[in-house]
Amino acid sequence: MFRLDHFKFLSILVCIGLVFITKPAYGYLDPGTGSYILQTIAAAIVAIPFALKIYWKRIRDIFSKK
Amino acid sequence: MSNKIKSSFRDPSGFLFQEEGVLYRQINRQYKENYEHLISSGLYDELINEGYLIRHQEVSNIHAQTEEAYKILKPERISFISYPYEWSYSQMKDAALTTLRIQKIAMKYGMILKDSSAYNVQIYKGKFVLIDTLSFEIYQEDEPWIAYKQFCQHFLSPLFLMTYTDIRLSQLIKVYIDGIPIDLASRLLPAKTYLKFSALVNIHLNAKSQKKYSDKQIDMKKIKMSKMRLEALIDSLEKTVESLNWKPGKTEWGDYYSITNYSEEAFEAKKELVSDFITITNPTRVWDMGANTGVFSRLASSKGIDTIAFDIDPIAVEKSYLYSKAMNETTITTLLMDLTNPSPSIGWSNEERFSLLSRANADTAIALALIHHLAISNNVPLVRIAEFFGSICKDLIIEFVPKADSQVQRLLATRKDIFPEYNEENFEIAFSSFFRLIKKEKIPGTERTLYLFKRL
């Protein structure tokens with residue numbers, strides 16, 4: 001009985017584990033480590049003015065509706 | 001014997017093949033989910049409506065080439081494939097912008113482009129379209145853009161180099177099959193580009209980052225980037241490309257038509273003659289060789305004939321393309337080509353991108369004000385010129401420019417005249433090995449003769 005419970009428990013763990021191992025969709029390209037990382041920095045920087053642009057648009061839309 | 005198109009091998013999602021002259025695309029089972037999302041989400045429809053993606057039909061699986069086949073598509077066919085090293089400045093810009101705009105639209109539907117190769121977009125009826133329908137993948141939350149490096153190499157490196165260093169550097173794309181390496185672009189760009197944010201980040205810092213991580217093992221799965229940041233990045237790349245501007249200096253051919261030796265009457269007479277000859281040959285496809293800004297090419301394209309205009313000068317090609325855009329022309333494509341060194345076959349086994357000659361499918365070729373440049377400036381024997389034209393067309397409209405012509409006098413002014421054979425008689429003899437003479441007419445007001453030949 002003890003062994004069967006352990007086995008069931010482990011199986012459930014494995015199944016849950018499999019669900020959470022997300023396989024990234026890499027397509028077939030090699031994204032290049034250096035560029036892949038750099039991209040995240042570039043995006044972080046440009047996200048600031050971009051976010052402002054989006055929020056400003058939203059504010060403008062609210063006022064133009066009124 | 002395989003029907004597979006040899007250049008279509010990198011992407012395991014599917015491949016192109018040919019059967020009885022018809023082009024098909026096999027979608028493999030591993031791509032099923034992505035394809036179904038592309039269609040059912042509405043992304044395909046929006047891209048078709050915007051004119052950004054090549055249309056296709058789904059056809060019977062009878063055509064399946066392998067067991068992995070999930071579906072077979074029959075895409076609409078592009079009559080002439082061109083390559084990024086044959087594009088003018090604005091064509092390169094528009095190819096890049098089309099790619100980015102497609103990515104923007106795809107993200108609205110939960111998809112992204114898994115590659116951003118410049119070879120995935122083609123000129124179709126005057127506009128750039130994506131021809132690789134399998135380029136889309138379902139967006140994985142918080143994943144950075146896998147095709148970012150490729151976009152920098154295929155589009156940003158060439159565009160920055162053409163803008164800030166030299167327009168001719170687009171030819172480096174021919175040398176590097178996957179786009180111009182970022183570190184090379186970084187070295188070739190002038191110091192002032194360190195002050196331009198987009199070049200600093202996407203090229204210079206990118207190159208340094210590549211070097212830093214070149215021998216490191218990083219778990220890529222741990223690198224995350226929010227969707228909003230990805231949108232910001234794509235938006236920033238789009239603004240960057242839009243803002244790029246090329247200010248050409250003077251090239252040899254930019255102001256060609258203002259310095260020719262044609263009077264207005266003679267020019268009009270020549271246009272009429274060329275137009276008549278085109279009508280006589282009744283072509284479906286025309287190639288205009290050494291077309292400059294395409295004045296004579298448009299005698300064909302305005303009749304609704306599919307026309308490709310080739311010229312060596314980046315300014316001339318650029319002018320012609322910008323005119324095409326302004327006028328919404330759909331039957332003419334102007335491309336960059338050095339006829340003394342036309343595009344070679346390159347890539348794996350020299351079979352991925354095809355030479356100019358292997359893409360030749362013209363019915364009629366036009367060669368005006370050209371022969372003296374080939375024969376005299378470039379020392380090509382007349383019979384070799386005839387052989388070349390014989391391999392690219394069935395009918396040939398060619399202007400013979402004799403030594404008495406003032407333009408030839410200019411060419412001979414700075415060099416020894418080693419061309420005793422360059423005259424009209426030998427011209428006709430040379431071409432008779434490959435063509436039959438149909439008609440010839442002296443162009444009034446000039447020393448030149450317009451010939452109409454039919455290939456033997």
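Every chain is numbered from 1 and lettered A, B, ... according to where its sequence line falls, protein lines coming before strand lines. Atoms considered below: every heavy atom in the structure, side chains included; atoms not considered: hydrogens, waters and symmetry mates.
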Under 4.5 Å from a heavy atom of chain B, the part of Ile45(A) involved: side chain
Looking at chain A, which one of Met225(B), Gln210(B), Lys211(B) has the largest number of heavy-atom pairs inside 4.5 Å, strictly under? Met225(B)
Can you tell whether the side chains of Glu231(B) and Lys108(B) come within less than 4.0 Å, N to carboxylate O? no
salt_bridge(Arg58(A), Asp61(A)) N-O dist < 4.0 Å: no
Regarding Lys4(B) and the six-membered ring of Phe17(B), is the cationic atom NZ or CZ under 6.0 Å from the ring centre and inside 45° of its axis? no
Which answer fits Phe197(B), side chain, backbone, both or neither, if we ask what part of it has an atom under 4.5 Å from a heavy atom of chain A? side chain
Using the ring-ring contact (aromatic ring centres under 6.0 Å, His included) rule, take His37(B) and Tyr109(B) through it: C-alpha gap first, then chi angles, then the decisive distance, then the call. CA-CA 9 Å; His37(B) 191 100; Tyr109(B) 294 87; 8.4 Å; no
Within 45 degrees of the axis of the six-membered ring of Tyr119(B) and under 6.0 Å from its centre: does Arg353(B) put its NZ or CZ there? yes
Rounded to the nearest 0.5 Å, how far apart are NZ of Lys149(B) and CD1 of Ile182(B)? 6.5 Å
From the list Lys208(B), Lys212(B), Gln150(B), the residue making the most non-hydrogen contacts under 4.5 Å with chain A is Gln150(B)
If contact means a heavy atom pair closer than 4.5 Å, which residues of residues 236-245 of chain B contact chain A? Ser236(B), Lys239(B)
Check this for me, if you would: do Lys6(B) and Glu351(B) make a salt bridge, where the nitrogen-to-carboxylate-oxygen distance has to be below 4.0 angstrom? yes
Charged N to carboxylate O under 4.0 angstrom, Asp235(B) versus Lys104(B)? yes
